[in-house]
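Presented below is the structure to which this report refers.
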Amino acid sequence: MDGYDGGAHALTPLYAVDALEPGEVAAAEAHLDSCVTCREELVEVREALAAAVADEPAEPSSAALRARVMAALDDVPQLPALTAPSAPDDELARRRAQHEGADRAASGPAPRPGRSRGTAPRRWVQGLVAAAAAVVVAGAAVTGYAALQWRADAQSAQQVAQAITEVAGAPDAQMVDAQAGADGWGSSRVMVSRSLGEAVLVPTGVEDAPSGRTWQLWFVSGGDARPAGTFTGAGSAAVLSGAVDGADAVAVTLEPAGGSQAPTTTPVAVYPLTA
Amino acid sequence: MERERAVDPLAAPMARVAAGDRDAFGEVYDAVAPKVLAVTRAVLRNPSMAEEVTQEVLLEVWRQAARYDPSAGSVAAWATTIGHRRAVDRVRSVRAREDREDRVVAGEGRVEYDEVSEQVLQHEDEARVRKALKGLTELQREAVVMAYWGGRTSTEISAQLGVPVPTVKTRLRDGLQRLRGDLARGEPAAGGAS
Ligand SMILES: [Zn+2]
């Protein structure tokens with residue numbers, strides 16, 4: 001078909017390859033602000049194009065370029081995260097960020113995790129709390145983690161993204177490294193906000209649970225471990241169900257499919273929380 | 001909507017970059033700079049200009065690290081997008097200047113630019129790009145390569161190919177939809193981390 005009339009949607013693919021005439025760009029961006037379908041298309045087309053670009057082979061000049069960039073970091077102050085994208089002051093910066101390709105995803109309603117309450121004492125629980133090491137208080141810097149999950153199942157992804165954005169934007173947000181990380185769990189982290197009472201597991205580097213088993217999350221308080229949800233997939237962040245309350249740590253164990261009422265194995269990872 | 005994308009291996013280092021971690025930035029640099037260099041070279045056809053733009057882009061990644069939004073794409077796609085945009089901005093301002101000069105001196109640089117631009121695929125790693133775009137028809141591939149690797153607007157492509165602008169837009173749209181679908185289905189895309 002030669003007649004090309006997709007209305008404002010039609011601007012999106014051309015926007016993705018920077019092939020619009022200068023006068024058309026503003027209209028495309030205004031449309032992207034209001035059209036979730038086109039935002040999704042833009043993200044995916046850009047991903048596909050980046051994947052299609054072959055890496056430039058290293059040359060003698062490559063090392064010099066790298067050295068120049070590394071040396072220049074001293075002269076380039078980093079910008080703070082945008083925690084309130086709708087605030088007027090941030091709007092301009094947000095638009096600029098969008099212009100640079102960082103279009104923000106639509107945010108759905110925040111999930112309110114139910115408060116599940118089973119408790120079960122385990123011996124390992126006491127020991128691990130004592131091992132609480134430095135907790136990284138990343139504050140605003142953790143916003144880059146917003147929506148780390150990649151599940152394209154838009155509804156739940158957006159809800160998870162929303163929860164993560166909320167936690168990351170909380171003034172008391174903490175990013176906690178795994179302390180007792182078993183194989184594959186060393187890079188995983190938990191992001192937590194006590195004021196919101198929410199925690200999110202960021203399972204970087206984690207494998208899928210073996211078949212017939214599931215990873216299970218726990219809130220650990222004193223000698224008790226409270227179930228905080230299960231997840232099998234390695235690919236997406238998991239919002240812990242239940243409130244953080246007075247938990248001393250978050251832990252993960254491998255459990256039979258469906259999860260357990262109390263931990264049945266030694267944790268693969270523990271994330272000590274500060275008070 | 002059932003598609004599931006892989007976890008971005010650069011997500012964790014990128015979060016550390018946001019906190020000012022230079023080692024993590026080195027990791028991100030090594031992963032994305034070759035791609036940014038490739039796309040800026042394709043568009044600019046000038047290695048030293050491409051290096052300049054690549055340097056700007058990587059410093060922008062450092063500067064904006066805390067504002068990087070993973071829901072808007074992988075770190076590699078983000079950096080590549082910034083690189084493409086900047087290369088295109090620069091090539092267009094050069095071209096606009098040349099156009100002004102053309103009125104005085106009968107189009108020297110302009111002719112040279114066009115000749116090189118038509119050979120985008122010869123200069124870029126032809127086999128890999130072709131493989132990535134193998135699901136596209138010949139006409140779609142031509143339009144996508146001219147737009148993305150050649151940094152041309154739909155109007156410029158229309159003039160160069162001698163076909164109406166709406167036709168160019170249709171080819172681009174259909175070609176990009178196809179490319180997007182191929183990636184979502186996990187078909188082997190060329191490029192990627194080598
Ligand atoms: Zn649209």
Side-chain angles (χ1 to χ4, degrees), chain A residues 1-4 10 13-14 16-21 41 43-56 58 61 65-66 68-70 72-73 76 78-82 97 100-105 138 140-148 150-154 161 187 204 234-235, chain B residues 1 3-5 7 11-12 14-15 18-20 22 29 34-35 37-39 41 51 55 58-59 62-74 76-78 80-82 84-85 88 125 128-129 132 147-148 153-155 166-167 169-170 172-173 176 179-180 183 189-192 194:
Chain A
M1 53 174 238
D2 262 5
Y4 186 67
L14 278 84
V17 288
D18 298 315
L20 289 173
E21 298 301 325
E41 175 181 352
V43 169
E44 293 185 2
V45 168
R46 281 174 171 169
E47 211 66 55
L49 286 165
V53 172
D55 287 359
E56 191 71 15
S61 68
L65 176 61
R66 188 185 198 277
R68 281 204 303 280
V69 171
M70 296 304 288
L73 295 184
V76 181
Q78 291 184 294
L79 297 173
L82 297 177
E100 295 285 20
D103 321 82
R104 302 183 72 84
V142 300
T143 306
Y145 262 106
L148 184 62
W150 275 111
R151 211 168 284 281
D153 174 354
S187 305
T204 309
Chain B
M1 299 295 151
R3 288 185 288 274
E4 191 165 328
R5 281 169 270 191
V7 171
M14 194 61 193
R22 282 158 199 245
Y29 182 98
K35 212 174 258 298
L37 203 48
V39 81
R41 274 198 172 197
E51 282 199 3
Q55 175 167 352
L58 270 296
L59 289 174
W62 166 259
R63 199 168 75 92
Q64 301 225 26
R67 300 183 176 188
Y68 162 66
D69 176 1
S71 70
S74 65
W78 182 53
T80 307
T81 297
I82 299 173
H84 189 263
R85 177 78 51 89
V88 159
D125 182 340
R128 297 186 73 178
V129 173
Y148 192 72
T153 66
S154 52
T155 308
T167 306
K169 291 184 172 181
T170 303
L172 272 177
R173 181 197 58 189
L176 291 169
L179 181 63
R180 172 195 183 193
L183 188 80
S194 56

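Letters A, B, ... are given to chains in the order of the sequence lines, protein chains preceding strands, and every chain is numbered from 1.
One finds the CD atom of A/E21 at 5.0 Å from the OG atom of B/S154 (value rounded to the nearest 0.5 Å).
Scanning all heavy atoms of the two residues, the minimum distance from B/L179 to A/A48 falls at CG-CB, 3.7 Å. In terms of heavy-atom proximity, B/R173 sits nearest to A/P13 at CG-CG, 3.7 Å. Summarising the geometry of B/A77 relative to A/R46, their closest heavy-atom pair is CB-O, 4.1 Å, with the distance given to 0.1 Å.
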Subject >> Residues A/E56, B/K35; criterion salt bridge (Lys or Arg N to Asp or Glu O under 4.0 Å); working and verdict >> reply: CA-CA 6 Å; A/E56 191 71 15; B/K35 212 174 258 298; over 6 Å; no
**OP:** Evaluate the criterion side chain to side chain contact (heavy atoms under 4.5 Å, CB included) for residue pair A/L73 and B/L59; output intermediate values, then yes/no.
**Re:** CA-CA 7 Å; A/L73 295 184; B/L59 289 174; 3.7 Å; yes
Original post:
For B/E51 and A/R68, what are the C-alpha separation, side-chain angles and deciding distance, and is it a salt bridge (Lys or Arg N to Asp or Glu O under 4.0 Å)?
Top reply: CA-CA 10 Å; B/E51 282 199 3; A/R68 281 204 303 280; 3.2 Å; yes
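Considering only residues two or more places apart in sequence or on other chains, A/E41 meets the salt bridge (charged side-chain N to carboxylate O under 4.0 Å, His left out) condition with none of them. Every residue two or more places apart in sequence or in another chain that forms a side-chain hydrogen bond (donor to acceptor under 3.5 Å, both in side chains) with B/R22 is listed here: A/D74.
Per-residue heavy-atom pair counts under 4.5 Å with chain A were compared for B/L58, B/V88, B/T155, B/L172, and the maximum is reached by B/T155. Each of B/T153, B/L37, B/T80 has some count of heavy-atom pairs under 4.5 Å with chain A, and the biggest count is that of B/T153.
Contacts between A/L49 and chain B at a heavy-atom distance below 4.5 Å involve backbone atoms as well as side-chain atoms.
Not one N or O on the side chain of A/Q78 forms a donor-acceptor pair closer than 3.5 Å with the backbone of B/A65. Checking side-chain atoms of B/K169 against main-chain N and O of A/L14 turns up no donor-acceptor pair under 3.5 Å.
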